[in-house]
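Here is the structure we will look at.
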2 protein chains.
Amino acid sequence: MVQKIKLSTIAESLGLSTATISLALRDSPLVAIDTREKIKDQARALGYIYNRRAASLRTSRSGIIGVVVHDIMNPFYGEILKAIESELDRSRHTFILSNHYDSVEKQRTFIETLLQLGGDGVIMSPAIGTPIEDVKLAEANGMPAILVARSMDGVDLPTYRGDDSYGISLATNHLIGLGHRTIAMIGGTDQTSTGRDRYQGYVNALRKANIEVDPNLRIPGPRSKQGGFEAAVHFLSLPQKPTAAVCWNDLVAIGLMNGIARAGLVPGQDISVTGYDDLEEASIATPALTTVWNGQTEVGRLAARALLDRLSGSHDPDGIHLIKPEMRIRQSTSPHHPRA
Amino acid sequence: MVQKIKLSTIAESLGLSTATISLALRDSPLVAIDTREKIKDQARALGYIYNRRAASLRTSRSGIIGVVVHDIMNPFYGEILKAIESELDRSRHTFILSNHYDSVEKQRTFIETLLQLGGDGVIMSPAIGTPIEDVKLAEANGMPAILVARSMDGVDLPTYRGDDSYGISLATNHLIGLGHRTIAMIGGTDQTSTGRDRYQGYVNALRKANIEVDPNLRIPGPRSKQGGFEAAVHFLSLPQKPTAAVCWNDLVAIGLMNGIARAGLVPGQDISVTGYDDLEEASIATPALTTVWNGQTEVGRLAARALLDRLSGSHDPDGIHLIKPEMRIRQSTSPHHPRA
DNA sequence: GTCATTGTGACAAACGATTGCCTACCGGAA
DNA sequence: TTCCGGTAGGCAATCGTTTGTCACAATGAC
């Protein structure tokens, strides 16, 4: 770096004032059109780099939006992020990403960092156990927050997520319709709203079909492929001999299918398995996974839009916006037939 | 936001000057220890939020580090990012992430944004076709750059990546050792150094074993599960009837295995398949994938360290640092036996 | 009693862009 | 000639921290 080019550098080289340069570069009609062009050419020629920190110090708008989710490597969040990214891209906002891995601590650190940077807003999928003060912290300092994928009790923020209870009942009903009666539920946790809703959806569907709900058919915990893979052993040794499994998400389902295959059974034939989310991967799994689309792209897109709208003044109605999930039937489920 | 708390707010409330507050909050020995404590307490009580933009305007250090790779949803990069994240975390740096999807355009926009924000440095896996000026742009404006996973010709930056040529020869030799003679190579592109190196490693290994290299056994292109899955059809219809496939990466390998299974063959038995990278997923695939560990965690860790070192003055030697890959033998490869 | 020395903390000038306010100038109407 | 409306562009204060330079007081040595 030989020397920083700043507005005054351009101004002097052209015999104008920095005010004019500033206005010209931002296409203000206060500067005559050809003066404007001349200024822009000169800026380009000198290799001028706009200093956002200086600008945002004055304007208190930084163009930075924070996004924090459980784990960006999880494709479910990945698909949400992609949707957010493409929505934010077209509005010249920069976004800062972070994982919280369900650590409240890490999440708070992120919010604080974002405040220090003067973030304009934040989109978050709150960590398990997030205290209300942490999101209040953002709002209290003028940084609007939007929730995705998970809701939080006791806080009235715009929230975008799938209708979990309805979605899981789609999957459960599908299996019931195929004749299955002993249906296990693999994965998930009661510590999130999502977890509670999904279990409830499963329970409701069974009840409605007059199938007794056996709490031992629930294997809570797994949320990843690895987890699903490991749960297969437990699943296959259940005394009730389930013929089907409703999984927490596609990753668990794929892991479970791998585990079932490893044990010498044929997933989709011997055991029916449903996923949840409909990740890109679901359709190329072996067998192709029957699952429930959870609207991740919609969630991301709407959340980003809502935040941008809010930044530009119009206050979107708070509250939870549920996306309707849709069933995707593939080869991992088949009619019930007694196990050999 | 009722009212912004700033240094002067604290200063007035305590009858001190902003200078003292500033020094105290950063634990300067220039301020007496109990004055310091009193100031910190007051800052906490008032809910003071450090304004990094103002600070960095003065100091021209922002604490921001940019990272741009092909696709953060790709687990290979994901594992690199995790390593970078954990290294950067302990040094109080914020990092900004972006995908370039191999668009030079998108990558340049990112670099420009980072410059505007006053980024302290950037770690990048350069997009295909990145012009030298783009990385020079960063360096010329005082923002050091480090390359990961891919190298760039004609530019002398610190680069951390696996030894592709050596790594792929491990996989190829493994298959040759099992008796395979007709070995296809699936995926990759000549447009990156990585692509060229891996193909070269494959060719060299075959030559050394006196196996004729048939360019038609190469199916370039695929880099994802989807791609591997789709390539299966082409692969299975090759007139040379390959008995094994060296894949570009684990994703392609897993996709290919799925495609092979879909066609009624048993991957790992009828066709031996090797992956590359040794993602977490490789060991739970069905069959468990024989692959080559590509040192992603090392790459990320070392690159982050190198950047931090450079930021703190010590200039790390430029040039390419190769990580030695290691073979991981699992069930997706088996001795050659004639196809039925 | 003087003179250093040390410890505290204040002053004020940056950093670079934005913007409300003001001036100068031009052409046209009365 | 005087006045008016309008356009182009300059001035200078401001955003919140940091930091080099100083000032002042207390201490201790001689």
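Proteins come first, then strands; the chains are lettered A, B, ... in the order of their sequence lines, and each starts at number 1.
Nearest-nucleotide positions on DNA chain D for Thr18(A) and Thr59(A) put Thr18(A) closer to the 5' end. Of the residues near DNA chain D, Arg53(B) and Arg26(B), the one whose nearest nucleotide (by heavy atom distance) lies more toward the 5' end is Arg53(B). When each of Leu30(B) and Leu57(B) is assigned the nucleotide of DNA chain C with its nearest heavy atom, Leu30(B) is the one assigned upstream, toward the 5' end.
The distance between atom CG of Leu117(A) and atom P of dG16(D), rounded to the nearest whole Å, is 16 Å. The distance from atom CG of Asp27(A) to atom P of dA17(C) is 17 Å, rounded to the nearest whole Å. We find that CD1 of Ile21(B) is positioned 16 Å from P of dT8(C), with the value rounded to whole Å. Atom C1' of nucleotide dG9(C) and atom CG of Leu7(B) are separated by 15 Å, given to the nearest angstrom. The separation between Glu12(A) atom CD and dC11(D) atom P is 12 Å, rounded to whole Å. At whole-Å resolution of the value, CZ in Arg52(A) and P in dG16(D) are 20 Å apart. Whole-Å rounding puts the Arg36(B) CZ to dG9(C) C1' distance at 13 Å. Remark: C1' of dG20(D) and CG of Leu23(B) are 11 Å apart, rounded to the nearest angstrom.
Listed pair Tyr48(A) / dG16(C) fails the phosphate criterion, with no side-chain N or O lying under 4.0 Å from OP1 or OP2. At the phosphate of dA10(C), OP1 or OP2 sits under 4.0 Å from a side-chain N or O atom of Ser17(B).
The backbone N or O of Val31(A) sits less than 3.5 Å from a side-chain atom of Arg36(A), completing a donor-acceptor pair. In this structure, Ser56(A) contributes its side chain and Thr59(A) its backbone to no donor-acceptor pair below 3.5 Å. Looking only at distances, a side-chain donor or acceptor of Asp120(A) sits under 3.5 Å from a matching main-chain atom of Ser62(A).
Of the candidates dG16(D), dA10(C), dG16(C), the closest approach to any side-chain atom of Ala54(A) belongs to dG16(C). Listed candidates were dG10(D), dA17(C), dT19(D). Nearest to the side chain of Ser22(B) is dT19(D). Ranking dG16(C), dG16(D), dT19(D) by closeness to the Arg61(B) side chain, first place goes to dT19(D). Closest to the Ala32(A) side chain, of the nucleotides dA17(C), dT19(D), dG9(D), is dG9(D).
Among the protein residues, Thr35(B) comes within range of the sugar-phosphate backbone only, with heavy atoms under 4.0 Å from sugar or phosphate atoms but none that close to a base. Using a 4.0 Å heavy-atom criterion, one finds that Leu16(A) contacts the sugar-phosphate atoms exclusively. Nucleic acid contact class of Ala55(B) (heavy atoms, under 4.0 Å, all strands): sugar-phosphate only. Residue Gly118(A) is out of contact with every strand shown, counting any heavy-atom pair closer than 4.0 Å.
Aromatic ring pairs are classed by plane angle as parallel below 30°, tilted from 30° to 60° and perpendicular above 60°; the pair Tyr160(A) and His321(A) is parallel.
When every heavy atom of Met124(B) is checked against every heavy atom of Val135(B), the shortest pair comes out as CE-CG1, 4.0 Å.
Around atom CD of Glu280(B), no more than 12 heavy atoms belonging to other residues, nucleotides or ligands sit under 6.0 Å away.
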